[in-house]
Every structure is written in structure tokens, then in C-alpha cells.
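See below for the structure under consideration.
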Amino acid sequence: MRDESSIAEDVAAADEPSAHEGPPMTELERIRHSCAHVLATGILRLWPEAQFAYGPPVENGFYYDVELPHRISPEDFEQIEAEMRKEIKANHRFERSVVSREQALEMARRGELAALGPRSEPSKFKLDLIESIPANEEISLYRNGDFLDLCAGPHVMRTGNIGAFKLTSVASAYYKGDERNPQLQRIYGTAFKNKTQLDEYFAMLEEAKKRDHRKLGKELELFTFDEDVGPGLPLWLPRGAAIIEELEKLAKETEFAAGYQRVRTTNLARESLYLKSGHLPYYAESMFPPMELNEDKDEIAMLEGRIVAARSVLEQHLSSRATDEEDASCNDVQFERAINAAMEANDIPAHVLEAFEEKNRCQTRLVFLNQQPRRYYLKAMNCPHHHKLFDAVPRSYRDLPLRFAEYGYCHRYEQSGELFGLMRVRSLQMNDAHIYCTPEQFESEFNAVNQMYLRYFKLFGIEKYIMRFSTHDPERLGQKFVDEPELWRQTEEMVRGVLQRSGINYVEVPNEAAFYGPKIDVQVWSAIGREFTIATNQVDFAQPRRFDLTYKDRDNTDKTPLCIHRAPLGTHERFIGFLIEHYAGNFPLWLSPEQVRILPIGDDAPLIDYSRAVLDELRANYVRAELDDSSDKINGKIQRAEQMKVHTMLVIGKRDMEANAVSVRVHGQGNLGAKPRDQAVAGILAAIKDRS
RNA sequence: GCCGAUGUAGCUCAGCUGGUAGAGCAACGGUUUCGUAAACCGUAGGUCACGGGUUCGAAUCCCGUCAUCGGCUCCA
């Protein structure tokens, strides 16, 4: 399971090559970090030329990055693990020594670091890592048996203290996490104090697999992906769509009460919109490539035809007047000159005059048409469209704050390797809204949005979350971030102040802002330990300016509003993916795709009629209820309903019918016994209404 | 996009070192009339992801493509 500190750890693991800084390790981390050294020892026994980069403990184990011509595959694990077991059995001490910078560099040059002894090739990554250790820091080495490594430690006392370990996977990773650096093989493993804990860990992984949203989504018939539709483009089955409808109902009610207005915009817009917004070029690689439309093609062809016809009339006219030295079959410029001159005359026939005018009319019109195809893009974000809605009507300070909400589809061209079930998709429905406000209104609007998050989290029982405040990187202005240094500074200062005053727990993460302004992401952890950005809240100073959005202030001057982008429920795709894992598919009644299933015992006509009457009553109240009139026995019907995680089952036998009752069974709770029909129905309706 | 792994019926999975593709559940047709997690019998269902190659013969071996998964990079 992941905790809040894991963000810091991951950042440290990614950004801190030497591990020469950072918080002290826990006992388990020391075991895992030591196991990484043992892994390197094992690999070197098999491939002495291996070059190691760094090998820290991570959330669920450890890894070591290695460069090696041989491609390590899971088939090699057994062999490597055998070498590792020998090293653990030898029970070598982890011996720490401190060396001078020059000594360390010398050893690296001799290939002795992350090695079993001197080698012909230098330990090149270690050489580089030594360079990055700050001058005032001590340089330490750790030895276990023959293996010596540059390492800040700490370690367990002896290799034998690594109770139980297992190699788990191999992946590739860029050296220092930078795409421009060489790719290394990253060997992952995990280690625990003892075999029992190791086994428990793998058993836990098996359990986690059962609540994986991709597995449950298929089993519960919530959504599907189809090759003909395309990767990352989920299709929602009726049961999944039911959840979407409930979430939208929730959002619409909440937002209506909070003074939002709903708008609707298109999925497609011309290139010019996104040039204005800055999505092109700042966001271009996340957008689907454009489609090109020859919008004026037909009109251009028609005009050109008419020009040709008119010109032939004019040419005829010219040639009829031609003197010996004049040639009517001349180039365009000469023709224009000649015809203009000819039109000076007084005796021009009417049809020639008409052709002349027709030609000029057509040529003038052509100037205003697009000869080049026009580009249209699928929208990746709603904001540019909403800005246009702001701009569609003159705005006064009295209109602010103006809050436009839309649950629209956006399409983003995520890289193929990024796609991940529902959590990372290419078509997404965002719980989006844009709040246009004055700087004075910013704080209360911003806090109101945060309050909305907290209410939602309470409703869904989300207890663990953290806000990440992402700021810009001054060095990437004009590349990743709009080039407005002063506005960035002011806005970040403003947001930081609001966050601090509101007392919300947050961490500040540099360089991860949106291109148009700083943002706050809300990270949550699904029940199986995955971490996600579920909601987002961003400040946009850039786009309102780029769109020249203004409102008339009290003093009759035009001012530019601030814009807050916010999506407390994130996207349906990710949010539902999260909820599936959060609830393990056992949705509360209000969200349950099938809220009630009626299970008659037997199929006697009166019993079926009674069951159907109960069904009709529920459906008349918009309850998603079904009747199982199959020929299964009652145990079979219950089994099937339980497997589909139907929330409430109403078992109806002869006894119930005669008492005008139903027997209530709730998924996960079992048989709750018979209840009067009215009472049971009322209870269901009340629970749905309260979202309890 | 990069590295690695995987791809057999709607689902879960068998199918040895190449010799004509199998089970359970689901579906469909019957029989059964059952009080809280699976009644019984039968029927149908697959171009073994796709495309090439090797071979007398390929689900199986080789190459390529696509998709998914584990990571990396990216990320509202």
C-alpha cells in the first residue's frame, strides 16, 4: 500500500542519482537496498562486463539499472537468483569505507566500482555519479564479499539478513530518467524479512488483481475496448453508462447549487482556435493530428470555370480588334493590360462588357477564398470553447464570477505506451468547468472548489488524498510554459497564499504546471494501491489574455478576468476506474448499475404477476430493477445475481406474496429477511435519494 | 514513442520436444417448480490476434504488424 511519503520517495528515486541525500531508510528499505547490491553481485558473476547505474529501494521492492549487451529476460531470473542465494548464504558483511573524491574516481576508472574487482572498462555510470556528488559530501563505498559499490548506504549488517527475495520483472529505463540518455535494463525484485511476508505480498498482489478495474469492468459488463474502434477509446455498456449517468446527475445537482451554468460545445474546431489558446504549439503533441478540409474547393472550381468562360469572350473581342503587331494569345499580365486598355473604348458590345465585369467579380471573390485546405482539430480541452462563450456576450463585473460547466468529450492523443485501462485513455469525459472571476473573487472561488472536492471525497469515502501544487520551470518558458514570467510569478504567489491560508495539506512540485498556469492536482490511492490524479484545479492567466476576454468594470474600463479550470470528479473514465477498484465492484445502491433484481421462487403465474408488479413499481420510480424469470432454481438465481454484484435482491416466494411482502437480500450482507412490500420499496427509494 | 512479456470459443484456462483443436461456465433447445451462492440432458460455438516464411505437415519454430500487460518517458 502506498502512503503520502511515496511521492517524495519516487521523486527522490528519480531525481537523486547517488542517493546521497534523502530521509533515512526503514529496516525494510535497508533489506531491499542491500538486496539490490546482491542482485548486482549475482549479475556480475554471470556477466562480469555489466555496467551498473543505480539501484535504490522503491515502494514494493528494489531495482538496479544495468547496461549489458545480453538482454536479461525473466528466463534468466532463476540463474541470477541462484547466484544471489549463494551470496546470501555466504553471509558477507556489508563493509562501509570512506574514500576521497580522487580515490573514488580512480577506482571507477579501473572499473572497480559496482564490480567484483578491477576491469578493463571503467565503471562509467559510477564515474558520472561521483561527478554529481556535491563537493562537501562524503563519498562512501560498500563492500559485500567481492562486490564493491559506490553507495551512501545504509545497509543491513550481513547479506544473510536478507530474509527472502524474488526477482519480479525487467523493464527499460533511461539513465537518470532522461529520454536523451541511453536506455538501461532495469531489473526489479522485492525482498522481505522472511518467506512468510514475501508470500503474503504475492498473495496480496493476487487479491489486488481481483479488484483490478479492467477485470471487473469486463466481468460486470461495464465497458469494453474494441480493436475496430481503437486503442484507448472505451465503449460504455449499459451497466457502465448507468454509473456515468449517476455521476453526471450528482455533478449537475452540486454545480447547480453552487451557481454554475451548463453549456455545450463542439468536439471539433479550426486550427485558429487552438493557435489562439496556445494549445498549438504548447499542447500539440497531445492532440490528434488535424483533418484537412477543402472547404472552398467547390466554389473555387465554379469561379475558375466562370473566369475561363468570360476570358474566352474577352479574348475573342481582343482578337477581333487586333492589329498586326498585337498578339491576342499573350500571357496573363499582357492580357490584363490589353483587355483593360480595350475596355477604355466607347463602342464595347454589351456581352463583352458583361464578361469583363463577370471576370472581375469572380477574381475579387477568389481573393477571399482559401486556396489551401483548412485544418480542424479534435478538442483536447474544453477551455478554448468556453472562452469563446465568455466572449460571445458583452460581460460586466456584475456577471462575475461566471461559471461554465460541461461534461463534454475530449480527445487526447496519448502515446500508445501510456494507455492503461480506463485510467489513461484517448477519449475522455471531463467534469469540467471554467470560472471567470476578478482577482478579488479568486480566493473565495478557489476555496469553494476545494470545498466541493472535500464533499465529494466524503460521499465516496475517499480518506486518503493529497493536493499537489505544480508550478512552472522558468527555464522552459516559451517551450512548455507560456512566456509570461511576471504573470507566472504573481499567480503562483497568489495560489500559494490561498493554499496556506486555507490550511489544506499540500506538497509543492516544481515544473509540472499546465502550459497556461499553475495547477493543483488531487492525488488519490485506489484500494489496490494505485496512485492517480483524480481531480484538478488550475489557474489560467494566459488564455483569457490571449483570447482578449474582457469585462467592463465599475470604473467603465475593460479588464481581463482570471480563469479557474476545475474538474473535481476528473473524468468519467478515470473516476469510474478508480471507483471500481475503490469499491471492488460493490457499488453503493445509488451507483449500482443494477440496483435491484427480483428473484421469484418458481414461475407460477400469480407469483410472476406479483413479482412484475413490484418490478413495475420500482421502475416507475426510476430504480434500475430487473426481474429474473429464468427457469433456474432459487439458489442459481441468487448465485448469478451475487456474481454480478447486484446490490439488492428481492426474493419472492409464495409466502411473501400471500403476506404482500418481499424477502430482502443485500449483496455482501446476505439474507435480511422478509419485509412488507411498501416498506422495502420505500427503503430502497430513500437510500437512493440520500446516496447513502 | 522505448525495453520486455503475452495473445487458443463470449469468459476462465488445457493443448509435451511440430502430426487435422479440448474442458468448465455463459449462450441456445428441452426437462425440472426449486426458500437464500450453481437442478439435469442435449445443441451449437474457434482462419489458435493478423500477415508472411521454414516444413510433407505449424496453435506449436522464425520474421513482421496489431493489441494488451509490466516498466520507462510523458501526462488534464
Side-chain angles (χ1 to χ4, degrees), chain A residues 14 58 63 65 71-76 168-188 205 209 212 214-215 218-219 221 224-228 230-232 279 283 285-286 380-383 410 412-421 423-425 428 430-432 470 480 512-516 519-522 532-538 565-567 570-571 573-574 599-604 607 630-644 649-656 663-674:
Chain A
V58 287
Y63 65 80
D65 283 345
R71 292 245 159 262
I72 294 177
S73 86
E75 287 177 13
D76 298 317
T168 50
S169 63
V170 56
S172 93
Y174 300 105
Y175 179 55
K176 290 185 170 172
D178 190 327
E179 253 180 315
R180 291 161 300 192
N181 285 339
Q183 281 201 328
L184 307 174
Q185 304 187 60
R186 177 168 291 181
I187 316 299
Y188 279 92
L205 285 187
K209 267 189 203 162
D212 188 308
R214 292 165 297 191
K215 183 173 161 64
K218 189 177 273 184
E219 287 171 0
E221 296 177 11
T224 185
F225 289 92
D226 186 279
E227 289 220 8
D228 283 330
H279 284 82
Y283 202 71
E285 60 189 32
S286 292
M381 296 185 195
N382 295 310
C383 36
C410 292
R412 299 185 182 178
Y413 190 59
E414 302 292 351
Q415 294 184 54
S416 60
E418 315 285 272
L419 301 175
F420 175 65
M423 302 301 198
R424 196 77 184 272
V425 291
L428 39 108
M430 218 188 313
N431 171 221
D432 210 3
S470 302
K480 192 181 173 190
E512 291 192 13
F515 74 80
Y516 44 70
K519 68 180 184 187
I520 289 98
D521 287 332
V522 186
F532 297 101
T533 299
I534 207 84
T536 187
N537 188 2
Q538 307 166 354
H565 305 228
R566 42 108 279 174
T571 63
E573 288 71 18
R574 186 173 287 182
L599 312 176
I601 301 171
D603 60 1
D604 286 347
L607 195 66
S630 70
S631 64
D632 281 313
K633 298 205 167 186
I634 189 60
N635 279 341
K637 291 182 182 181
I638 288 169
Q639 168 95 13
R640 258 173 261 289
E642 291 281 359
Q643 275 172 345
M644 287 307 276
M649 287 149 276
L650 299 180
V651 177
I652 299 182
K654 211 170 155 210
R655 289 206 299 270
D656 299 299
S663 289
V664 180
R665 181 186 171 97
V666 172
H667 178 65
Q669 294 177 37
N671 184 4
L672 304 184

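Just so you know, these numbers come straight off a predicted model, no measurement behind them. Just so it is clear, the values below take in all heavy atoms, side chains as well, and ignore hydrogens, waters and symmetry mates. First the proteins, then the strands, lettered A, B, ... as listed; each starts at 1.
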Answer yes or no: is there a donor N or O on one side and an acceptor on the other, between the side chain of A/Arg574 and the main chain of A/Thr533, under 3.5 Å?
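Between the backbone of A/Thr533 and the side chain of A/Arg574 there is a qualifying donor-acceptor contact (under 3.5 Å).
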
Applying a 4.0 Å non-hydrogen cut-off, can you work out what [X] is touching in the nucleic acid: base, sugar-phosphate, or nothing?
X: A/Thr168; answer: nothing
X: A/Ser631; answer: base
X: A/Asp656; answer: base
X: A/Asp604; answer: nothing
X: A/Lys480; answer: sugar-phosphate
X: A/Gly668; answer: nothing
X: A/Ala173; answer: sugar-phosphate
X: A/Leu428; answer: base
X: A/Tyr188; answer: sugar-phosphate
X: A/Glu219; answer: nothing

If you compare every side-chain N and O of [X] against the phosphate oxygens of [N] (OP1, OP2), does one of them come in below 4.0 Å?
X: A/Arg640; N: B/A38; result: no
X: A/Arg186; N: B/G70; result: no
X: A/Lys519; N: B/A76; result: yes
X: A/Ser416; N: B/G1; result: yes
X: A/Lys218; N: B/A26; result: no

May I ask you to verify whether the side chain of [X] and the base of [N] hold a donor-acceptor pair under 3.5 Å?
X: A/Tyr63; N: B/G4; answer: no
X: A/Ser172; N: B/G71; answer: yes
X: A/Glu414; N: B/A76; answer: yes
X: A/Asn635; N: B/U36; answer: no
X: A/Arg412; N: B/A76; answer: yes

Within 6.0 angstrom of A/Lys480 NZ, more than 12 heavy atoms from elsewhere:
yes

A/Phe420 CZ: over 12 foreign heavy atoms closer than 6.0 Å
yes

Taking the same atom, [atom1], in [N] and in [M], what whole-Å distance lies between them?
N: B/G1; M: B/A38; atom1: C1'; value: 48 Å
N: B/U60; M: B/A14; atom1: C1'; value: 14 Å
N: B/G7; M: B/A76; atom1: P; value: 35 Å
N: B/U43; M: B/G22; atom1: P; value: 15 Å
N: B/A49; M: B/C41; atom1: C1'; value: 36 Å
N: B/C28; M: B/G64; atom1: P; value: 44 Å
N: B/G18; M: B/A59; atom1: P; value: 13 Å
N: B/A67; M: B/C25; atom1: C1'; value: 26 Å

Please tell me which of A/Ile638 and A/Gln538 maps to the more 5' nucleotide of RNA chain B, matching each residue to the nucleotide holding its nearest heavy atom.
A/Ile638

Map A/Arg214 and A/Ile634 onto RNA chain B by nearest heavy atom, then report which one ends up closer to the 5' terminus.
A/Ile634

According to the Watson-Crick and G-U wobble definitions, with both distances under 3.5 Å, which nucleotide is paired to [N]?
N: B/U32; result: none
N: B/C48; result: none
N: B/A27; result: B/U43
N: B/G7; result: B/C66
N: B/C56; result: B/G19

Integer-rounded Å distance: [N] [atom2] and [X] [atom1]:
X: A/Glu642; N: B/U36; atom1: CD; atom2: P; value: 13 Å
X: A/Glu227; N: B/C66; atom1: CD; atom2: C1'; value: 6 Å
X: A/Met649; N: B/A37; atom1: CE; atom2: P; value: 10 Å
X: A/Arg424; N: B/U73; atom1: CZ; atom2: P; value: 12 Å
X: A/His279; N: B/C75; atom1: NE2; atom2: C1'; value: 14 Å
X: A/Leu419; N: B/G70; atom1: CG; atom2: P; value: 12 Å
X: A/Arg665; N: B/A37; atom1: CZ; atom2: C1'; value: 6 Å
X: A/Met423; N: B/A76; atom1: CE; atom2: P; value: 17 Å

Looking at NZ of A/Lys637 and CD of A/Glu642, how far apart are the two atoms once the value is rounded to the nearest 0.5 Å?
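If I round to the nearest 0.5 Å, the distance is 15.0 Å.
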
Considering only [options], which nucleotide approaches the side chain of [X] most closely?
X: A/Asn671; options: B/U36, B/G35, B/C72; result: B/U36
X: A/Pro231; options: B/G70, B/C3, B/U68; result: B/U68
X: A/Thr536; options: B/G35, B/A76, B/A37; result: B/A76
X: A/Phe420; options: B/C2, B/A38, B/G70; result: B/G70

Full working for side chain to side chain contact (heavy atoms under 4.5 Å, CB included) between A/His279 and A/Cys383
CA-CA 10 Å; A/His279 284 82; A/Cys383 36; 3.8 Å; yes

Any side-chain donor-acceptor pair under 3.5 Å between A/Gln183 and A/Tyr175?
no

Is there a side chain to side chain contact (heavy atoms under 4.5 Å, CB included) between A/Met644 and A/Glu219 once you walk through the steps?
CA-CA 8 Å; A/Met644 287 307 276; A/Glu219 287 171 0; over 6 Å; no

Could you check whether A/Asp521 pairs with A/Lys519 (Lys NZ or Arg NE/NH1/NH2 to Asp/Glu carboxylate O, under 4.0 Å)?
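Here A/Asp521 pairs with A/Lys519 in a salt bridge, since their nearest N and O are under 4.0 Å apart.
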
If we check side-chain contact (heavy atoms from CB on, under 4.5 Å) with A/Tyr63, which of these qualifies: A/Ile187, A/Val58, A/Val170?
A/Val58

What is the ring orientation for A/Phe515 with A/Tyr283, classed by angle as parallel under 30°, tilted 30 to 60°, or perpendicular over 60°?
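It falls in the tilted class, 30° to 60°.
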
